[in-house]
Amino acid sequence: MTQERLYSRQTGKSVWVVLVVLVVLAALGAGGWWGWQQFQQMQKEKAGLAGQISELKAAMASQRSDVQGALSSFEKKQAELAARMVKDRAVLADMQSGGQTLWLVNEARALASLASQRLLLTQDASAARRLLKAADETLARLDDPKVLPARQALAMDMEKLSGAGQVDVQGMVLRLGALRQIVAELAVPVEEAPPERDMPEVSQPWWQDVLDRLPVNVRHHDGAVPLPLSAEQASLVRLTLDGSLQQAQLALMQGRAKAYQQALDTARSTLAQWFREDEPRAAQMRKALQELGGGNVAQALPEIGAGLAAIEELKRKEGGA
């Protein structure tokens, strides 16, 4: 009996030991699982922080680049301002010492440029020569050997204008404009509409009906005349003639003698091809174009510009460019 109690007590203790071990193992397992979850969370937070740090570094690098670019731009503008101040000081010093070189060179340049524009726009050789003479007189006030090449170039331009032929270019331009006004009055041979045919009262052969419907009109003229045109074709011929006269005007105003003669030749060819010789308006225009083609446009509008180029070179040497 005593042995059975002792065995029972030992068995009960063993069970309690097993239970304690199981509880301890369960606690250790739960603690390990919770620790692993915390480790995973820490890894995620660490990765997030690493990404934020990378983004912050990239933003700081971009800001650093922007700051460096702004500093470079500021330094460049500062250098340009310093160079401008140095040039302004030089001009001020020149003015304070009584010298007006740059001012006079700029004035002469403006006069020479105005002379070229006047000749191009109005073909007034006399006015252009007066402007060049004023530019030469302005440079003469400097009393400096440096201006001699520019004055020599101006003298060459003035000599060209003096030798230009006395051709009334403005009058020629106006006359071409007047010819353009009468283009619409020129008689172009226009095709007539076929007359309306009455329905035959009696029957006729089928081939007679076909001939009656053919758009064929027989005309008799004394001498060769242009073929009849439709209304659209006649309008196109007038537009072509007007365009040739307009091109002649433009070439005349620009002093392009070759283009001017080509435009007149085109206008004369259009007249000869599409207009009757005995038509009064067409004959009048042919005579006018013949007279306008005799002017020496190349001599009337000489090319000037050597003086202006020499003055601009002088300005660059003086440091005013």
With rounding to the nearest 0.5 Å, note down the distance linking [atom1] in [X] to [atom2] in [Y].
X: Glu279; Y: Met285; atom1: CD; atom2: CE; answer: 9.5 Å
X: Met158; Y: Arg151; atom1: CE; atom2: CZ; answer: 8.0 Å
X: Met172; Y: Glu291; atom1: CE; atom2: CD; answer: 11.0 Å
X: Leu245; Y: Arg175; atom1: CG; atom2: CZ; answer: 12.0 Å
X: Gln38; Y: Met42; atom1: CD; atom2: CE; answer: 8.5 Å

Sidechain N-carboxylate O distance under 4.0 Å for [X], [Y]:
X: Arg141; Y: Glu137; value: no
X: Lys315; Y: Glu312; value: no
X: Arg268; Y: Asp265; value: yes

[X] side chain to [Y] backbone, donor-acceptor under 3.5 Å:
X: Thr240; Y: Leu236; answer: yes
X: Glu107; Y: Ala135; answer: no
X: Ser65; Y: Ala61; answer: no
X: Asn106; Y: Leu102; answer: yes
X: Ser113; Y: Arg109; answer: no
X: Gln247; Y: Ala263; answer: no
X: Asp157; Y: Gly307; answer: yes
X: Arg281; Y: Ile182; answer: no

Please find the pair of heavy atoms, one from [X] and one from [Y], that lie closest to each other, and give the distance.
X: Ala153; Y: Ala306; result: CB-O, 3.6 Å
X: Arg180; Y: Asp242; result: NE-OD1, 3.0 Å
X: Ser244; Y: Thr266; result: OG-CG2, 3.3 Å
X: Leu292; Y: Tyr260; result: O-OH, 2.9 Å
X: Leu132; Y: Ala112; result: CD2-CA, 4.1 Å
X: Thr138; Y: Leu104; result: CG2-O, 3.4 Å

When you group the ILVMFWY residues by side-chain heavy-atom contacts below 4.5 Å and let the links chain together, are [Y] and [X] in the same group?
X: Leu161; Y: Leu114; result: no
X: Leu308; Y: Leu131; result: no
X: Leu111; Y: Leu154; result: no

Stepwise side-chain contact (heavy atoms from CB on, under 4.5 Å) test for Leu176 and Leu264: CA-CA 10 Å; Leu176 286 169; Leu264 290 186; 4.2 Å; yes
Residue pair [X] / [Y], side-chain heavy-atom distance below 4.5 Å:
X: Ile311; Y: Leu139; result: yes
X: Gln273; Y: Val237; result: no
X: Val183; Y: Leu239; result: no
X: Gln37; Y: Gln41; result: no

Atom CD of Glu313: over 12 foreign heavy atoms under 6.0 Å: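 Yes, because the 6.0 Å sphere around CD of Glu313 holds more than 12 heavy atoms from other groups.
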Working for side-chain contact (heavy atoms from CB on, under 4.5 Å), residues Trp274 and Leu241: CA-CA 10 Å; Trp274 298 109; Leu241 181 58; over 6 Å; no
